[in-house]
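Step one of this worksheet: look at the structure below.
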Amino acid sequence: MFEHVEPFAGDPILALVEVFNADTRSHKVNLGIGIYFDEEGRIPVLPSVRKAEARVVEAGEPKPYLPIEGAANFRSAVQALLFGAGHPVLRERRVATIQSVGSSGGLKVGADFIRRWLPKAQAWVSDPTWDNHRSMFEGAGLAVHSYPYYDPAGGGVRFDAMLDALRAVPEGSVVLLHACCHNPTGVDLTHAQWDVLIPLLAERRLLPYLDLAYQGFGDGIAEDAYAIRRLADSGATFFVANSFSKSMSVYGERCGALSAVCADADEAERVLGQLKFTVRRNYSSPPIHGGQIVAHVLADADLRPLWEAELAAMRDRIQAMRQTLHRVISAKVPGRDFSYFLTQRGMFSYTGLSAAQVDRLREEFAVYLVRSGRICVAGLNHHNVEYAAQAMATVMAG
C-alpha cells in the first residue's frame with residue numbers, strides 16, 4: 001500500500017540541529033533554531049511560568065476535554081493581550097478566538113477556513129518569510145505567491161515595491177504579514193508604514209492575516225501589537241495567529257491562538273462556529289495544561305508584572321548581543337555598514353552572509369546557522385558572542 005511513498009527530505013532547520021548535536025567540538029555555537037537561550041545557553045523556565053504551573057497542579061482539577069474553541073479564560077486573556085482590555089472590537093463582541101495548538105495550529109486552521117469559505121482566494125507572503133507559512137497555506141489548497149519585502153542592499157524593507165505589488169494582486173486575496181519581529185529577517189514595517197499599508201489593504205479588499213509569534217521581543221508588549229490594534233481601529237476584517245512559545249518559553253506546551261476580527265457580533269459568532277467545525281475535523285480540542293499556565297500568568301495581578309519584567313529582560317539581552325555583534329564585526333570589517341544589526345528587531349537577523357560563507361562558518365568555526373544567512377541572536381551569550389562575531393567577520397572579510 002505504501003510502496004509509492006517518497007522519503008521526507010527533512011526540515012532544514014531541524015536537520016541542522018541534528019548535525020550540530022553530532023558535532024564534538026566544544027566551542028560550537030548554534031544560531032540556527034529559533035529558540036531563546038539564556039546567558040548560560042539554556043532554555044529558561046521563567047519564574048512566572050513556574051509559579052503559575054505550581055498553582056495549576058496544586059488545584060488538582062480534573063482533565064476533561066476542553067470545548068472545541070478552548071478554555072474561556074485563556075481566550076479572553078489572549079484577546080486583552082492582543083487588542084488591549086476594553087478595545088471596541090472586544091466590547092462589541094466582534095472577535096472570534098480559538099485556543100490553538102501553537103500559532104502553527106492557528107495558522108493552519110485559518111488557512112483551512114479560508115479554503116472552505118473563500119475558495120477563490122490566493123495567499124501572498126513576504127519575500128522571504130518563514131518557510132512553513134507557504135507550506136501550511138499550500139497544504140490547505142491555496143495558491144501561494146510572494147510580494148517584495150526585504151532589501152538585501154540596504155537591509156530594510158522594499159516598501160514602495162511591496163505597495164505596488166499589493167495594488168496589483170486580485171481582490172479578495174489573503175496577505176500574510178508579520179506583526180513584529182519579522183522571521184527570518186528581523187526587519188519590520190515602521191508605524192508610519194503600517195499607517196500607509198492598512199488603508200491600501202482596505203481599498204483593495206484584501207484580507208490581512210497577521211502572524212504574531214514574538215510579541216514583546218521587539219519594543220514591548222503593547223508596542224509590538226501596533227499593527228493589530230491599528231487594523232482593529234480601522235474597522236478591518238482580519239486574522240491574527242499568536243503564540244506564547246517564545247514569550248513564555250513554553251515551546252513544547254504548544255500554546256497559541258487564532259483570532260478573527262469580524263464586522264459585527266453576529267458575523268463573529270458564525271465565524272467562531274465554523275472555526276470550531278474546522279478544529280473538530282482536525283484535532284478536536286486543544287490541550288489543557290499549557291493554556292492554563294498562560295491564562296494564569298496573563299490574568300494574575302502578581303504574575304503578570306513578573307512575566308512582563310522577565311520578557312523585558314530577554315528583549316534587553318538580545319539587544320545587548322546585537323550591539324556586541326555590531327561592535328566586533330564593524331571593527332574587523334571596516335568600511336562596511338553593519339547598522340542593520342542594531343535596527344533589526346526580535347530574535348532573528350539577516351547577516352548578509354552567503355550560503356558558501358555559512359558553510360565555511362560551520363566547517364571551520366563550528367558556528368551553525370541556516371544557509372540563508374539568518375541567525376537566531378538569542379543563541380548568543382557572553383560566553384560565545386565575541387567568538388561567533390569574530391568568525392563571521394573572518395568569513396565576511398574573505
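Side chains are part of it too, since the values below use all heavy atoms of this structure and drop only hydrogens, waters and symmetry mates. Small disclaimer: the values here were computed from a predicted structure and weren't measured.
- Atom OH of Tyr283 is surrounded by more than 12 heavy atoms from other residues, nucleotides or ligands within 6.0 Å.
- Residue pairs that meet the salt bridge (charged side-chain N to carboxylate O under 4.0 Å, His left out) test with at least one member in residues 237-259, sequence neighbours left out, do not exist here.
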Assess whether ring-ring contact (aromatic ring centres under 6.0 Å, His included) is satisfied between Trp130 and His133, documenting all intermediate values.
-> CA-CA 6 Å; Trp130 180 46; His133 282 152; 5.2 Å; yes
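- In summary, Arg42 and Glu40 do not engage in a salt bridge, as defined by a charged side-chain N under 4.0 Å from a carboxylate O.
- With a 4.5 Å cut-off on side-chain heavy atoms, Val144 and Val125 count as touching.
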How far apart are the C-alpha atoms of Met347 and Cys181, what are their side-chain angles, what is the distance that settles it, and do they pass the side chain to side chain contact (heavy atoms under 4.5 Å, CB included) test?
-> CA-CA 7 Å; Met347 290 176 58; Cys181 305; over 6 Å; no
Take Arg75 and Leu272 through the side chain to side chain contact (heavy atoms under 4.5 Å, CB included) test and state the conclusion after the steps.
-> CA-CA 12 Å; Arg75 293 165 56 231; Leu272 179 61; 3.8 Å; yes
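- Within a 6.0 Å sphere centred on CD of Glu223, other residues, nucleotides and ligands contribute more than 12 heavy atoms.
- Residue pairs meeting the salt bridge (charged side-chain N to carboxylate O under 4.0 Å, His left out) criterion with at least one partner in residues 323-338, sequence neighbours excluded, are Arg327-Glu386.
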Which donor-acceptor pairs under 3.5 Å do side chains of residues 102-116 form with protein atoms, sequence neighbours excluded?
unit_1 : atom_1 : unit_2 : atom_2 : d
Lys108 : NZ     : Asp112 : OD1    : 2.9
Lys108 : NZ     : Asp112 : OD2    : 3.1
Arg115 : NE     : Gly141 : O      : 3.2
Arg115 : NH1    : Pro119 : O      : 3.4

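- Residue pairs meeting the side-chain hydrogen bond (donor to acceptor under 3.5 Å, both in side chains) criterion with at least one member in residues 54-68, sequence neighbours excluded, are Arg55-Asp300.
- Salt bridge status for Arg94 with Asp264: absent, with no side-chain N to carboxylate O gap under 4.0 Å.
- Looking at Ser247 and Tyr214, their side chains never come closer than 4.5 Å, going by heavy atoms from C-beta outward.
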Might you work through the side chain to side chain donor-acceptor pair (under 3.5 Å) test for Ser48 and Glu310, ending with a clear yes or no?
-> CA-CA 8 Å; Ser48 60; Glu310 293 160 352; 2.6 Å; yes
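- With contacts defined as side-chain heavy-atom distances shorter than 4.5 Å, the pair Phe217/Arg345 does not qualify.
- Cluster annotation: Val45 is not connected to Leu311 through the hydrophobic network of ILVMFWY side chains, with a link wherever side-chain heavy atoms come within less than 4.5 Å.
- The side-chain contact (heavy atoms from CB on, under 4.5 Å) search around Ala52 returns Ile293, His296, Val297, Leu303, not counting sequence neighbours.
- Under a hydrophobic clustering in which Ile, Leu, Val, Met, Phe, Trp and Tyr are joined whenever their side-chain heavy atoms come within less than 4.5 Å, directly or via other members, Ile13 and Tyr251 fall into the same cluster.
- Contact check for Ile318 versus Tyr36: side-chain heavy atoms found under the 4.5 Å cut-off.
- Between Leu298 and Phe74, every side-chain heavy-atom pair lies at or beyond the 4.5 Å cut-off.
- For the side chain to side chain donor-acceptor pair (under 3.5 Å) test with His178, the passing option among Asp188, Thr129, Thr185, Asp211 is Thr129; the others fail.
- Checked against side-chain contact (heavy atoms from CB on, under 4.5 Å), Val19 has the following partners two or more places apart in sequence or in another chain: Tyr368.
- With hydrophobic clusters built from ILVMFWY side chains whose heavy atoms lie under 4.5 angstrom apart, Met321 shares a cluster with Tyr350.
- For Lys28, the NZ atom sits in a packed shell: over 12 heavy atoms of surrounding residues, nucleotides or ligands are nearer than 6.0 Å.
- The list of side-chain hydrogen bond (donor to acceptor under 3.5 Å, both in side chains) pairs with a residue in residues 154-164, not counting sequence neighbours, reads Asp164-Arg167.
- Contact annotation: the side chain of Met314 approaches that of Leu46 to within less than 4.5 Å [non-hydrogen atoms, C-beta and beyond].
- Of the charged side-chain nitrogens involved, none lies within less than 4.0 Å of a carboxylate oxygen, so that Asp233 and Arg229 do not count as a salt-bridged pair.
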Working for side chain to side chain contact (heavy atoms under 4.5 Å, CB included), residues Leu197 and Leu189 | CA-CA 9 Å; Leu197 175 62; Leu189 298 177; 3.8 Å; yes
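- Qualifying side-chain hydrogen bond (donor to acceptor under 3.5 Å, both in side chains) partners for Asn30, counting only residues two or more places apart in sequence or in other chains: none.
- Here the closest non-hydrogen pair linking Arg204 and Val169 is NH2-O, 2.6 Å.
- Rounded to the nearest 0.5 angstrom, Leu325 CG and Gln390 CD are separated by 11.0 Å.
- Under the side-chain hydrogen bond (donor to acceptor under 3.5 Å, both in side chains) criterion, the residue pairs touching residues 138-156 are Gln122-His145, with sequence neighbours excluded.
- Pairs of residues two or more places apart, or lying in two chains, never qualify as salt bridge (charged side-chain N to carboxylate O under 4.0 Å, His left out) while including a residue from residues 387-398.
- Hydrophobic clustering, with ILVMFWY side chains joined whenever heavy atoms are under 4.5 angstrom apart, groups Leu200 together with Ile228.
- Shown are Val240, Val175, Asn242; of these, the side-chain contact (heavy atoms from CB on, under 4.5 Å) with Leu210 is made only by Val240.
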Derivation of the side chain to side chain contact (heavy atoms under 4.5 Å, CB included) call for Arg304 and Leu81 | CA-CA 11 Å; Arg304 175 62 178 265; Leu81 182 72; 3.6 Å; yes
Please report the C-alpha distance between Glu53 and His289 in whole Å, then the side-chain angles of each, then the deciding distance to 0.1 Å, and finally whether the side chain to side chain donor-acceptor pair (under 3.5 Å) criterion is met.
-> CA-CA 8 Å; Glu53 184 167 33; His289 188 73; 2.6 Å; yes
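- Atom OG in Ser259 sits 8.5 Å away from atom CZ in Phe238 (nearest 0.5 Å).
- With a 4.5 Å cut-off on side-chain heavy atoms, Leu207 and Ser173 do not count as touching.
- For Arg374, the side-chain hydrogen bond (donor to acceptor under 3.5 Å, both in side chains) partners two or more places apart in sequence, or in a different chain, are Asn183.
- In this structure, Phe348 and Cys376 have side chains that are in contact, with non-hydrogen atoms separated by less than 4.5 Å.
- Nearest heavy atoms, Ala389 versus Ile329: O-CG1, 3.6 Å.
- In the hydrophobic clustering of this structure, Val261 does not group with Ile98; members are Ile, Leu, Val, Met, Phe, Trp, Tyr whose side-chain heavy atoms approach within less than 4.5 Å, directly or through other members.
- Note that the OG1 atom of Thr190 and the CG atom of Asp195 stand 8.0 Å from one another [nearest 0.5 Å].
- Applying the salt bridge (charged side-chain N to carboxylate O under 4.0 Å, His left out) test to residues at least two apart or on different chains, the pairs with a partner in residues 272-294 are Glu69-Lys276.
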Between His326 and Phe338, is a ring-ring contact (aromatic ring centres under 6.0 Å, His included) present by the stated rule, with each step listed?
-> CA-CA 6 Å; His326 177 261; Phe338 294 100; 7.5 Å; no
